[in-house]
Amino acid sequence: MNAEELSKIANAMVAPGRGILAMDESHPTCNGRFEKLGIATTEEMRQAYRDMLVTAPGLSDYISGAILFDETIRQKTLDGTPFPEFLSKNGIIPGIKVDAGAKVLAGHESEKVTEGLDGLRERFAEYHKLGARFSKWRAVITIGEHIPSWACIEANAHGLARYALLSQEAGIVPIVEPEVLMDGDHSIERCYEVTELTQRIVFQQLRNQGVLLEGMVLKPSMVISGAMAKNRADAKAVAKQTVRCLLNTVPAAVPGLAFLSGGQSDEEASSHLNAMNALGVQLPWALTFSYGRALQQTAMKTWKGDNANIDKAQQTILWRAKCNGSAALGKYSDAMEQQAA
Ligand code: 13P
């Protein structure tokens, strides 16, 4: 493990005003989104869609890295360049999702544990050869009556730590993603409680396994009211509670945190990230984005699988990237959105 190299990559991933494009949807997730928009669910269309995203002119002004799915890291852009090579040439670090998905946790039917450790050392060696310099593993924690259980948090945290170390061993920076789901009608206080406990156990496990904190990026969910909650907390409250939770749990040695969007609207995701960076609290790490839906959903709707819409769709992804890049600096505002509209 080359600590200096890992730390250099991790710092580049969270460089000021830049964040990560999560475009690593598995086939079922990507196809499900395509189907809703009437886009054919073929390998060629997934390639064409992802080509449209990464070839958006100027994307690297705001995007430091892109997380690819196994299919994409082996594909070429439409001009015949392998995706990882195209990204590197354009100043975007190629990354790879390596987990095999969240499956029902034995003995706990309403909870999940992420699988994918078997054979992971060999897969990492191959992904490194293919150009990946960072990776991602997502664990999901569900809030409900009597859950999450200790068993669920511990099993997922252990998996994240084992994955992270294998990633670093291969010279690949791990993105450690413990997502506390927004599903449900829980309060922001309940979300705080669960997120704090989860982060605490995750870092305990990362330390137990010997993960180099300077050579990783944390991808947390925000401390936020449940999607179905009646009185949802505003952006200021989300920012305050999220920052407080992370200051209590995330060691200062971690170079940066890149949030997931988790089903928030485009504007919510930008405004929440901005509010955190505009709080005026001095933070030991960078706070940026690693959004999937909040960067892509409008671009996908605009594209709809039709070449005639490429320019417009690219302007859309670029716009969301710019808004979130500004939010990472605390310089995003509603006025910015109104101007664009
Ligand atoms: P969302 O931003 O759509 O939650 O996706 C981010 C991600 O990579 C989830 O693993």
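Just follow the structure's listing: the first ligand is 1, and inside any ligand the first atom is 1. Sequential numbering from 1 along the given sequence is applied to the chain's residues.
- Here the rule is side-chain contact (heavy atoms from CB on, under 4.5 Å) with L287, and of T242, N277, V14 only N277 fits it.
- No hydrogens or angles considered: nothing links the side chains of T195 and T198 as a donor-acceptor pair under 3.5 Å.
- Grouped by direct or indirect side-chain proximity (heavy atoms under 4.5 Å, Ile/Leu/Val/Met/Phe/Trp/Tyr only), I141 sits with I143, W150, I153, V180, V194, L197, I201.
- Looking at S270 and N324, their side chains do bring a donor and an acceptor atom within 3.5 Å of each other.
- Between the side chains of K312 and T302, no donor-acceptor pair is found at a separation under 3.5 Å.
- Salt bridge annotation for E25-R293: absent, with no cationic side-chain nitrogen under 4.0 angstrom from a carboxylate oxygen.
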Using a cut-off of under 3.5 Å, which N/O atoms of ligand 1 pair up with protein N/O atoms, and what distance separates each pair?
unit_1   : atom_1 : unit_2 : atom_2 : d
ligand 1 : 2 (O)  : S261   : N      : 2.8
ligand 1 : 2 (O)  : S261   : OG     : 2.5
ligand 1 : 2 (O)  : G292   : N      : 2.8
ligand 1 : 3 (O)  : R293   : N      : 2.8
ligand 1 : 3 (O)  : R293   : NE     : 2.7
ligand 1 : 3 (O)  : R293   : NH2    : 3.4
ligand 1 : 4 (O)  : G262   : N      : 2.7
ligand 1 : 4 (O)  : R293   : NH2    : 3.1
ligand 1 : 8 (O)  : K136   : NZ     : 2.8
ligand 1 : 8 (O)  : K219   : NZ     : 2.7
ligand 1 : 10 (O) : K136   : NZ     : 2.5
ligand 1 : 10 (O) : E177   : OE1    : 3.0
ligand 1 : 10 (O) : E177   : OE2    : 3.0

